[in-house]
Chemist: 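Have a look at this one before I ask anything.
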Amino acid sequence: MAAVSVPMLWGGELPETLDFYRTLGYTVTYEMTRPYTYGIVERDGFQLHFGPTPKDLSAEGAHIGCLVLVDEVEPWHAEFKAALRARYGKVPGRGSPRITRFRTGQTRFTVVDPVGNTVIYIQRDEPDPEYGGSKQLDGLARVLDNARIFRDSKNDDATAVRVLDTGLRRHAATAPLIDRARALAMLAEIATVAGEAARVAELRAEIEGLGLSDADRAAVAGDLDAIAAAGE
């Protein structure tokens with residue numbers, strides 16, 4: 001006999017929560033306010049359920065969520081990003097609600113709803129991350145791969161920054177200029193999201209001071225574009 005597991009999240013102010021999911025293209029299929037709150041949203045063949053919320057819960061303290069496995073994650077992020085921009089006038093990247101950043105080749109992203117529930121959308125064929133960086137790489141290239149895992153898969157910018165800072169101190173003198181530029185660009189992207197304008201300017205100046213060739217600059221164009229995209 002087949003069994004189905006359905007995630008149940010906290011509903012918060014249920015009408016507000018359900019309306020947020022409508023923005024993301026979900027259909028509300030059930031809404032109850034008495035004798036307790038309960039709601040259901042559905043899209044693309046799966047459901048999210050929302051039950052009563054602890055009275056002392058804050059959005060920062062929800063720490064509850066679920067995973068949604070999809071065939072291709074990039075179209076989902078593009079759709080959600082456009083919908084959130086249309087609703088809020090910008091793409092919310094901090095607080096609740098918010099959506100995490102996305103780069104070409106990334107295999108997951110996270111949406112945090114107004115209650116603080118976390119829904120992580122993951123591509124079905126996502127490879128297992130090699131923490132510490134791919135063993136096929138070495139030096140600063142491996143550091144970059146490790147930092148990417150923390151930044152993109154774990155949404156842990158603070159650890160990514162520590163990994164990059166340590167890697168640059170250890171490998172900058174011997175690393176190819178293109179790897180140094182990518183490490184500095186990743187730090188600048190994270191600083192942009194954190195609103196650290198002075199740090200972003202400092203890192204951009206350091207990249208310019210590397211004296212990249214036209215070929216190297218073309219190779220890191222996507223990394224440099226990500227700095228501007230992070231501030232949108």
Chemist: Tell me, yes or no, whether the heavy-atom count around E126 atom CD, taken from other residues, nucleotides or ligands under 6.0 Å, exceeds 12.
Modeler: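 Atom CD in E126 is crowded, with more than 12 foreign heavy atoms closer than 6.0 Å.
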
Chemist: Do I122 and V68 pass the side-chain contact (heavy atoms from CB on, under 4.5 Å) test, and can you show the C-alpha distance, the side-chain angles, and the key distance before you say yes or no?
Modeler: CA-CA 6 Å; I122 302 177; V68 176; over 6 Å; no

Chemist: Between D157 and R101 (salt bridge meaning N to carboxylate O under 4.0 Å), is one present in this structure?
Modeler: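 Between R101 and D157 there is a salt bridge, with a charged N closer than 4.0 Å to a carboxylate O.
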
Chemist: Quick one: pull up NZ in K55 and OG1 in T53 and give me the separation to the nearest 0.5 Å.
Modeler: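 K55 atom NZ to T53 atom OG1 measures 12.0 Å (nearest 0.5 Å).
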
Chemist: Check whether any side-chain N or O of E16 sits under 3.5 Å from a backbone N or O of E13 as a donor-acceptor pair, and report yes or no.
Modeler: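 Such a contact is absent between E16 side chain and E13 backbone.
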
Chemist: Keeping the roles fixed (side chain from T17, backbone from G11), state whether a donor-acceptor pair exists under 3.5 Å.
Modeler: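 Yes, T17 side chain to G11 backbone: donor-acceptor pair under 3.5 Å.
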
Chemist: Check whether R148 reaches the backbone of S153 with its side chain - one donor and one acceptor, N or O, closer than 3.5 Å.
Modeler: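 Pair absent, no side-chain N/O of R148 close to backbone of S153.
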
Chemist: Locate the shortest heavy-atom distance separating I227 from E189; write the atom from each residue and the value.
Modeler: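 Taking I227 first and E189 second, the nearest heavy atoms are CG1-N, 4.1 Å.
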
Chemist: Please check if atom CD in E72 has more than 12 non-hydrogen atoms from other residues, nucleotides or ligands closer than 6.0 Å.
Modeler: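 No.
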
Chemist: Which atoms form the tightest heavy-atom contact between M8 and I64, and what is the distance?
Modeler: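 So the two residues come closest at O-CD1, 3.9 Å.
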
Chemist: Please confirm whether the backbone N or O of E42 pairs with a side-chain atom of Q47, one donor and one acceptor, at under 3.5 Å?
Modeler: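 Such a contact is absent between Q47 side chain and E42 backbone.
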
Chemist: Ignoring hydrogens, what is the shortest heavy-atom contact between N155 and D152? Give both atom names and the distance.
Modeler: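 In terms of heavy atoms, the two residues are closest at OD1-O, 4.0 Å.
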
Chemist: L168 and L184: which non-hydrogen atoms are nearest, and at how many Å?
Modeler: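 Answer, listing the atom of L168 first, then L184: CD1-CD2, 4.0 Å.
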
Chemist: Please output the side-chain donor-acceptor pairs of residues 195-210 that fall under 3.5 Å, not counting sequence neighbours, one pair per line with the distance.
Modeler:
| unit_1 | atom_1 | unit_2 | atom_2 | d |
| --- | --- | --- | --- | --- |
| R199 | NH1 | E202 | OE2 | 2.7 |
| E208 | OE2 | R217 | NH1 | 3.4 |

Chemist: Salt bridge or not for D19 and R87, using N-O below 4.0 Å?
Modeler: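 Salt bridge between D19 and R87, a charged N being under 4.0 Å from a carboxylate O: yes.
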
Chemist: Quick one: sort the Y30 and Y38 rings into parallel, tilted or perpendicular, breaks at 30° and 60°.
Modeler: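 Correct class here is perpendicular.
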
Chemist: Hey, would you say the Y121 and H77 ring centroids sit under 6.0 Å apart?
Modeler: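 No, too far apart.
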
Chemist: For the pair Q106 (side chain) and R108 (backbone), establish whether a donor and an acceptor sit closer than 3.5 Å, ignoring hydrogens and angles.
Modeler: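 Present.
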
Chemist: Could you tell me whether a side-chain N or O of T37 sits under 3.5 Å from a main-chain N or O of T33, the two making a donor and an acceptor?
Modeler: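 Pair absent, no side-chain N/O of T37 close to backbone of T33.
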
Chemist: Does one hydrophobic cluster hold both V70 and Y21, with members joined at side-chain heavy-atom distances below 4.5 Å?
Modeler: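 Looking at the clustering, Y21 is in the same group as V70.
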
Chemist: Taking side-chain contact (heavy atoms from CB on, under 4.5 Å) as the definition, give me every residue that meets it alongside E74, ordered by chain and number, with sequence neighbours left out.
Modeler: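 Listed in chain order: F102, T104.
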
Chemist: Between V111 and L24, is any pair of side-chain heavy atoms under 4.5 Å apart?
Modeler: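 They are in contact (side-chain heavy atoms under 4.5 Å apart), so the answer is yes.
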
Chemist: Answer yes or no on whether R43 is positioned over the face of W76, meaning its NZ or CZ is under 6.0 Å from the six-membered ring centre and within 45° of the axis.
Modeler: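 Ring-cation test returns yes.
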
Chemist: Has N117 got a side-chain atom pairing as donor or acceptor with W10's backbone, closer than 3.5 angstrom?
Modeler: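 Yes: the side chain of N117 pairs with the backbone of W10.
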
Chemist: Counting only pairs under 3.5 Å, give me each side-chain donor-acceptor contact of residues 129-141, with atom names and distances, residues two or more places apart or in other chains.
Modeler:
| unit_1 | atom_1 | unit_2 | atom_2 | d |
| --- | --- | --- | --- | --- |
| E130 | OE1 | K135 | N | 3.3 |
| S134 | OG | Q136 | N | 3.2 |

Chemist: Between S96 and G116, what is the shortest heavy-atom contact and its length?
Modeler: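 Answer, listing the atom of S96 first, then G116: OG-CA, 4.1 Å.
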
Chemist: Kindly indicate whether the side chain of L84, heavy atoms from C-beta on, has any atom under 4.5 Å from the side chain of P92.
Modeler: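 Contact flag for L84/P92 side chains = yes.
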
Chemist: Would you say the side chain of E31 lies within less than 4.5 Å of the side chain of L18, judging by non-hydrogen atoms?
Modeler: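 Yes, side chains in contact.
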
Chemist: Identify the heavy atoms of R180 and A172 that sit nearest to each other, and give their distance.
Modeler: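 Smallest heavy-atom distance, with atoms named: CD-O, 3.3 Å.
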
